[in-house]
Amino acid sequence: MTVFDRTVYRLIGRIPPGRVATYGQIATLLGAPRAARAVGFALKRLPAGSPVPWHRVINARGGISLRANLAGMLSQRILLKREGVRFARDRVSLERYRWPGPHRRPVVRLPALERL
DNA sequence: ATAGTGACCGCGT
DNA sequence: AACGCGGCCACTA
């Protein structure tokens, strides 16, 4: 569990039910627009049982990215549907469900300078 | 310090 | 619209 991970989890924790955010969006809000893959990596390491709503994070195409994990893929879809997010051909309309982000302007720090 | 990996992304076929 | 590529960042070994 790294500092980056926790920062990611904290932000994701603010996504309200029924809304979604993309990996890239999370990265951008964190101040590192191109760290989308790193966000995915952080989520992969998310401890089971965490209160973090990981299922509200999807890829830029509105789809679910858990390729190697069929079970996880299905559960994510189910969790979203349970919150009212509708799927159309394995995809959700980002235009419709995208989380605007914490209206707070500055957003979380940690561009990429968390060196010890 | 170096190289390899991936729950990504955008652009060009 | 679906693929293929190359680029990117943080993490690991």
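Model, not experiment: these values are computed from the prediction. Naming convention: chains lettered A, B, ... in sequence-line order (proteins, then strands); numbering from 1 in each chain. Values below: every heavy atom of this structure, side chains too, minus hydrogens, waters and symmetry copies.
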Between atom CD in Gln76(A) and atom C1' in dA7(B), what is the gap in whole Å?
8 Å
Would you give me the side-chain donor-acceptor pairs under 3.5 Å for residues 55-65 of chain A, sequence neighbours excluded?
unit_1   : atom_1 : unit_2   : atom_2 : d
His55(A) : NE2    : Glu83(A) : OE2    : 3.0
Arg56(A) : NE     : Glu83(A) : OE1    : 3.1
Arg56(A) : NE     : Glu83(A) : OE2    : 3.2
Arg56(A) : NH1    : Ile15(A) : O      : 2.7
Arg56(A) : NH2    : Glu83(A) : OE2    : 2.7
Asn59(A) : OD1    : Arg61(A) : N      : 2.9
Asn59(A) : OD1    : Gly62(A) : N      : 3.2
Asn59(A) : OD1    : Gly63(A) : N      : 2.9
Asn59(A) : ND2    : Gly63(A) : O      : 3.2
Asn59(A) : ND2    : Ser65(A) : OG     : 3.1

Taking side chain to side chain donor-acceptor pair (under 3.5 Å) as the definition, give me every residue that meets it alongside Arg98(A), ordered by chain and number, with sequence neighbours left out.
Gln25(A)
d(OH, Tyr9(A); C1', dA7(B)) in whole Å
11 Å
Set of salt bridge (charged side-chain N to carboxylate O under 4.0 Å, His left out) partners for Arg77(A), sequence neighbours left out:
Asp90(A)
Leu43(A) CG to dC9(C) P, in whole Å, measures 19 Å
Identify, with sequence neighbours excluded, every residue that meets side chain to side chain contact (heavy atoms under 4.5 Å, CB included) alongside Arg89(A).
none
Interatomic distance, Met1(A) CE vs dT12(C) P [rounded to whole Å]
11 Å
Send over the distance from Phe4(A) CZ to dA10(C) C1', rounded to a whole Å.
6 Å
Separation of Ile64(A) atom CD1 from dG6(B) atom P, in whole Å?
21 Å
For the pair made of CG in Leu74(A) and P in dA7(B), what is the distance, rounded to whole Å?
17 Å
Residue list, side chain to side chain contact (heavy atoms under 4.5 Å, CB included) with Ser75(A), at least two apart or on another chain
Trp54(A)
All heavy atoms of Tyr97(A) vs all of Gly84(A), minimum pair found to be OH-O, 3.7 Å
Side chain to side chain donor-acceptor pair (under 3.5 Å) partners for Ser50(A), two or more places apart
none
Does any residue of residues 89-98 of chain A have a heavy atom under 4.0 Å from DNA chain B, and if so, which ones, in number order?
none
Find the distance Ile26(A):CD1 to dC9(C):C1' and express it as a whole number of Å.
16 Å
With sequence neighbours left out, which residue pairs that include part of residues 37-54 of chain A fulfil the salt bridge (Lys or Arg N to Asp or Glu O under 4.0 Å) condition?
none
Please confirm whether the backbone N or O of Ala42(A) pairs with a side-chain atom of Tyr9(A), one donor and one acceptor, at under 3.5 Å?
yes
Report, as a single string ordered 5' to 3', how protein heavy atoms within less than 4.0 Å touch nucleotides 8-13 of chain B: B base, S sugar-phosphate only, - not at all.
BSB---
